[in-house]
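Structure in structure tokens, see below.
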Amino acid sequence: MPARPDDLTIETATEWRRHLHSIPELGFGEHKTSAFVADKLRDFGLEVHQGIGGTGVVGVLKRGLGNQAIALRADMDALKITENTGLLYASSHQGQMHACGHDGHMAMLLGAARYLTERGQFSGTVYFIFQPNEEHGRGAKAMIADGLLERFSFEEIYGLHNMPGMPVGAFATRPGPLMASEDNFEIRIRGKGGHAARPHVANDPLVIAAHLILALQTIVSRRVSALDTAVVSVTEVLTDGTRNVLPENVTIKGDTRSYSPEVQKTIETEMRKLAQGTALSFGAEVAVDYSHEFAATVNHEAPSRHALAAAQATPGITSVDADPAPLMGSEDFGLFLNHKPGNFAFLGNGDQGANGQPLHNAHYDFNDAAIGPGIAYWSEIVHSRLTA
Ligand SMILES: [Zn+2]
Ligand SMILES: [Zn+2]
């Protein structure tokens with residue numbers, strides 16, 4: 001029997017969604033939000049763990065004698081955006097907004113927790129994970145560092161993100177790469193400044209930086225296979241020079257994207273080599289900071305097949321795309337996939353009005369019509385993976 005959430009569950013989840021929308025909080029500051037989530041889970045009768053990785057919450061629902069366990073994950077944080085939707089339930093927190101639909105993700109997962117508590121036909125354990133700070137790629141790491149994977153032992157993890165532009169009821173995911181990793185870099189070159197008219201007695205770090213910026217473009221064209229995906233973008237050049245003074249310091253900043261840890265490693269290694277080699281050849285000093293902001297979201301084969309099959313069987317899901325084009329944007333869920341088999345999927349948010357606005361836009365709103373299909377999908381995953 002396919003999971004079919006009742007109207008009352010969907011209506012109630014819609015009220016939660018609108019309430020959560022009105023109290024958006026930034027990453028690791030989700031105090032009211034996580035308290036609301038924990039209260040609801042407790043009301044349903046779940047075992048609730050709070051304060052995991054800061055404001056993270058885990059609800060535990062056990063049923064029957066099955067010893068299999070799966071985790072379903074939603075994100076809780078909002079963005080530093082001033083809302084411009086004019087909605088009755090618009091943000092009451094100045095300068096903060098649920099512009100990525102995490103309010104909807106929480107409502108769908110809470111709705112599923114309630115539905116599965118009341119009517120779930122499965123045997124095993126479901127962990128409902130509500131993670132903080134997705135937007136800056138810090139929350140998954142914080143929860144894992146706080147013992148998430150040791151305290152709650154699950155075999156598979158699933159995640160869902162709304163997608164404006166896709167019709168409501170449309171579902172898309174694929175095995176393999178779905179979203180890219182994001183790394184940031186900062187390269188500081190220190191030379192010898194001097195008079196703009198006498199460069200031969202200085203050691204102009206701006207010319208060195210120019211060589212290096214061009215050399216960095218050879219990482220993608222000459223160090224990464226043409227069959228792999230990589231982006232290296234220099235986005236800022238800062239100097240302490242002025243109109244007639246050669247700078248002493250030049251800082252180059254930028255952003256890189258890729259899909260595999262091997263390519264990610266290649267970019268970092270080659271960048272360090274080029275920076276050192278270029279600085280050395282011109283007699284300057286250089287320091288390189290390279291930071292991992294987001295892991296790539298690379299879906300595992302079997303869980304992706306399970307997710308696609310569950311979506312096919314879900315009432316309210318009207319189309320399933322098993323091979324969407326991967327995105328170069330990044331998602332903190334990717335880090336969970338480095339530790340556990342799992343799948344991340346997209347659910348249509350519609351293309352009309354506020355629902356069709358891009359994510360992270362001041363006019364965007366999550367589509368409440370997606371709540372029913374979302375709850376049904378989560379329930380279907382549980383029923384199909386934890387068979388009674
Ligand atoms: Zn976002
Ligand atoms: Zn998001």
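Nothing here was measured: the structure is a model prediction, and the numbers come from that model. Counting convention: from 1, in listed order, for ligands and their atoms alike.
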>> Applying ring pair (Phe, Tyr, Trp, His ring centres under 6.0 Å) to Phe346 and Phe171, what does each step give before you reach the verdict?
In response: CA-CA 6 Å; Phe346 299 131; Phe171 179 95; 9.2 Å; no
>> Between Ser181 (side chain only) and Ser258 (backbone N and O only), is there a donor and an acceptor less than 3.5 Å apart?
In response: yes
> Is the Zn ion (ligand 2) less than 2.8 Å from an N/O/S atom of His161, whether that atom is in the backbone or a side chain?
Replying inline: yes
> For Tyr89, which of Arg17, His19, Glu15 qualifies under side-chain hydrogen bond (donor to acceptor under 3.5 Å, both in side chains)?
Replying inline: Arg17
> Between Trp16 and Phe44, what is the ring plane arrangement, given parallel below 30°, perpendicular above 60°, and tilted in between?
Replying inline: tilted
> With the threshold set at 4.0 Å, does a side-chain nitrogen-carboxylate oxygen contact exist between Arg174 and Asp321?
Replying inline: no
> So, do Glu25 and Lys32 sit near enough that their side-chain heavy atoms are less than 4.5 Å apart?
Replying inline: yes
> List-wise, which protein N, O or S atoms are found short of 2.8 Å from the Zn ion (ligand 1)?
Replying inline: Cys100 SG, Glu135 OE1, Glu135 OE2, His360 NE2
